[in-house]
Chemist: 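Just passing along the structure, written as structure tokens.
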Amino acid sequence: MTNKIEFKATEHEAPENKASWLKETVLEDKPFHYQMTDKDRQMVDYYIRYNNKKEAQETLKELIFLMDLWKDEEVPEWYTREDLKKDIERVKAL
């Protein structure tokens, strides 16, 4: 059983051409995957703190996409799927 978070693809999907490029790139380059995950994590937090719901939602879509690409044993300790769930709720509350 996997701990991946299930979402409606139409609601949380990265744009098609960007999604395929991003998926291919991060699966080949783990340090870049960590960097992109951390960048989006920080950006979501920034947009939440400044009540920018639109930007928070857009960045959260990419963050969800990135998190779903992590194997369970590779998920960063500094940003877990539980942390992602909390950020999803924070964005919904904006």
Chemist: In Å and rounded to the nearest 0.5 Å, what is the CD to NE2 distance from E28 to H33?
Modeler: 13.0 Å
Chemist: Can you measure from OG1 (T37) to CD (E62) and round to the nearest 0.5 angstrom?
Modeler: 9.0 Å
Chemist: Could you walk me through whether R81 and W70 pass side-chain contact (heavy atoms from CB on, under 4.5 Å), step by step?
Modeler: CA-CA 10 Å; R81 290 194 171 94; W70 287 110; 4.0 Å; yes
Chemist: Any non-hydrogen side-chain atom of F65 less than 4.5 Å from a side-chain atom of K61?
Modeler: no
Chemist: By the salt bridge (charged side-chain N to carboxylate O under 4.0 Å, His left out) test, which pairs, at least two apart or in different chains, include something from residues 40-52?
Modeler: D38-R41, D45-R49, D45-R90
Chemist: Is the number of heavy atoms from other residues, nucleotides or ligands under 6.0 Å of E73 CD greater than 12?
Modeler: yes
Chemist: Examine L69 and M43 and state if one hydrophobic cluster contains both, with Ile, Leu, Val, Met, Phe, Trp and Tyr joined whenever side-chain heavy atoms are less than 4.5 Å apart.
Modeler: no
Chemist: Step by step, work out the side-chain contact (heavy atoms from CB on, under 4.5 Å) result for M67 and Y79.
Modeler: CA-CA 9 Å; M67 289 297 288; Y79 193 72; 3.8 Å; yes
Chemist: Treat each ILVMFWY residue as a node, draw an edge where side-chain heavy atoms are under 4.5 Å apart, and state whether L94 and Y46 are in one component.
Modeler: no
Chemist: Between CG of N52 and CD of Q57, what distance do you get to the nearest 0.5 Å?
Modeler: 9.5 Å
Chemist: Could you walk me through whether I64 and I88 pass side-chain contact (heavy atoms from CB on, under 4.5 Å), step by step?
Modeler: CA-CA 9 Å; I64 291 167; I88 290 168; 4.1 Å; yes
Chemist: With side chains defined as the heavy atoms from C-beta onward, is the minimum distance between M36 and T25 less than 4.5 Å?
Modeler: no
Chemist: When you check the gap from the basic side-chain N to the acidic O, do K86 and E89 get nearer than 4.0 Å?
Modeler: no
Chemist: According to the interplanar angle, ranging from 0 to 90°, do the rings of Y34 and W78 count as parallel (below 30°), tilted (30 to 60°) or perpendicular (above 60°)?
Modeler: tilted
Chemist: Rounded to the nearest 0.5 Å, how far apart are CG of L60 and NZ of K53?
Modeler: 11.5 Å
Chemist: Given the rule that I, L, V, M, F, W and Y join up when any side-chain heavy atoms are under 4.5 Å apart, are Y47 and Y50 in one cluster?
Modeler: yes
Chemist: Is a side-chain donor or acceptor of D87 paired with a backbone partner of L84 at a separation under 3.5 angstrom?
Modeler: no
